[in-house]
Enquirer: 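I'd like to ask some things about the structure below.
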Amino acid sequence: MNLADCSSHSATARLLHFGSPGAIYLRRFVGSLHVGRCGSNPTHVKTLRLRSNPPKTLTVTAAMASEAEVAASAKIIDGKMVAKEIRDEITTEVSRMKDAIGVVPGLAVMLIGERKDSATYVRNKKKACESVGINSFEVRLPEDSAETEVLKFISDFNDDPAVHGILVQLPLPKHMNEQNILNAVSIEKDVDGFHPLNIGRLAMRGREPSFVPCTPKGCIELLHRYGFQIKGKKAVVIGRSNIVGMPAALLLQREDATVTIVHSRTQNPEQIVKEADIVISAVGQPDMVRGTWLKPGAVVIDVGINPVEVRRLPLVFFIFHDHILYDATCPRGYRLVGDVCYEEARKVVSAITPVPGGVGPMTIAMLLSNTLSSAKRIHNFQ
Ligand SMILES: Nc1nc(=O)c2c([nH]1)NC[C@@H]1CN(c3ccc(C(=O)N[C@@H](CCC(=O)O)C(=O)O)cc3)C=[N+]21
């Protein structure tokens, strides 16, 4: 699909001038598609205006700022806040269950290999378990472990009555067969909802999956908790991955939306997205969905969590171009951006999730929720 549609956007031709020391950050795009750059933060634009010297630049930035000021701003769908609410509800249920039948839900998390991002996610999941009173069991295996070793742990967890949920952190090392491993997780403990039987049930009318995959479930939960109607709406899901795009489309369909999936071979994705009342984007391309792709008033759920490298230069520079972020505080050396160009989208749509602080925290809250449901089901506790 052709995603390089930003040439007509006014921001692409913008040049800015800095008059005082600072740092500039260069963006590196992850992936193979050139998707252009989207609008900068209006507050930064304002700061720049104060520091600008040449009158020509001043005129341009002033125009941009006032445009930003008059534009309507979307409601922010606060995933972090909703996730906290859900964790509080889970905490209450976990202690009610413990008091009533003496059972504490348990989640086993397996991490194979040394990927830093995976280690961080696993640590966050463990912390989240602790915060609601769920027991967590962690297994870490080296990158070069044998598949049989992983399967042995899964089999032990399948048989362990203290474990109600099993999660194998993805991606797995290349030499392992993901299908074999995911299929080995007992369907009763598959809190990720990745088992083919779960996906099959999700797709069928009149059938109920044991678990709904956490990220798509978190997206729908956000729509529900903010009171956005799904029934009868046109929904577009961007991306068709097994773990997010496809199950998200199935869930929206179960909620009576009319669903279209846009993917890498779709022609004119922007035209299709422009029709949507609800957009769920899960492609992993920073700022791919531009403001011009979106229908005014649409609701946008941005699943992408894309690290964008930022490079600190020692002194001031004056020519700014697209693909450059103005951000003076970036301690980690990268920032996280979504699939949707947030600054453009918020002027067009009625509501949007931020990145970070949107779908990410909801994914973890749904994992805890699935683990609690699993323990309740196994122990027949309502
Ligand atoms: N078996 C399996 N199940 C998963 O659910 C799974 C997985 N493998 N592999 C990796 C992805 C990724 N994932 C995230 C969860 C939370 C955040 C999250 O909370 N993000 C924060 C930002 C965190 C930060 O600042 O780095 C946020 O969006 O606000 C992100 C990503 C679960 N995954």
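Numbers here simply count residues along the sequence, with the first being 1. Order of appearance sets the numbers: ligands from 1, and atoms from 1 within every ligand.
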Enquirer: Do any N/O atoms on Gln169 end up under 3.5 angstrom from N/O atoms on ligand 1?
Expert: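 N/O-N/O distance below 3.5 Å exists for this pair.
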Enquirer: In terms of residue, atom name and distance, what is the protein heavy atom nearest to atom 30 (C) of ligand 1?
Expert: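 Nearest neighbour among protein heavy atoms for atom 30 (C) of ligand 1, to 0.1 Å: Tyr121 CE2, 3.2 Å.
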Enquirer: Heavy-atom contact check, 4.0 Å cutoff: does Val355 meet ligand 1?
Expert: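 No, Val355 has no heavy atoms under 4.0 Å from ligand 1.
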Enquirer: For Phe153, is the CZ atom crowded, meaning more than 12 foreign heavy atoms sit under 6.0 Å from it?
Expert: no
Enquirer: What do we get for Ile305 next to ligand 1 when only non-hydrogen atoms under 4.0 Å count, side chain, backbone, both or neither?
Expert: side chain
Enquirer: With respect to Asp192, determine whether any N or O atom, backbone or side chain, lies less than 3.5 Å from an N or O atom of ligand 1.
Expert: yes
Enquirer: For ligand 1, does Met366 get within less than 4.0 Å through its side chain, its backbone, both, or neither, judged by non-hydrogen atoms?
Expert: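 Neither part.
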Enquirer: Looking at non-hydrogen atoms alone, which of Ala365, Gly360, Gly79 comes nearest to atom 20 (N) of ligand 1?
Expert: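 When every heavy atom of Ala365, Gly360, Gly79 is considered, Gly360 comes closest to atom 20 (N) of ligand 1.
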Enquirer: Cut-off 3.5 Å, side chains only: do Ser210 and Arg201 have a donor facing an acceptor?
Expert: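 Note: Ser210 and Arg201 side chains meet the donor-acceptor criterion.
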Enquirer: Does ligand 1 come near enough to Val168 that some N or O of the ligand is less than 3.5 Å from an N or O of the residue?
Expert: yes
Enquirer: Quick test of your reading of the structure: of Ala83, Gly357, Gly304, whose heavy atom lies closest to atom 29 (O) of ligand 1?
Expert: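 Checking each option, the heavy atom nearest atom 29 (O) of ligand 1 is found in Gly357.
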Enquirer: Nearest protein heavy-atom contact for atom 32 (C) of ligand 1: which residue, which atom, what distance?
Expert: Lys125 NZ, 3.9 Å
Enquirer: I'd like the name of whichever of Pro356, Pro213, Gly358 reaches closest to atom 22 (C) of ligand 1 through any heavy atom.
Expert: Pro356
Enquirer: Look at atom NZ of Lys234 and say whether more than 12 heavy atoms of other residues, nucleotides or ligands are closer to it than 6.0 Å.
Expert: no
Enquirer: State the atoms of ligand 1, each with its element, that fall below the 4.0 Å cut-off from a heavy-atom position in Leu170.
Expert: 1 (N), 2 (C), 7 (C), 8 (N), 9 (N), 10 (C)
Enquirer: Output the list of atoms in ligand 1 that are nearer than 4.0 Å to some heavy atom of Phe194, sorted by atom number.
Expert: 1 (N)
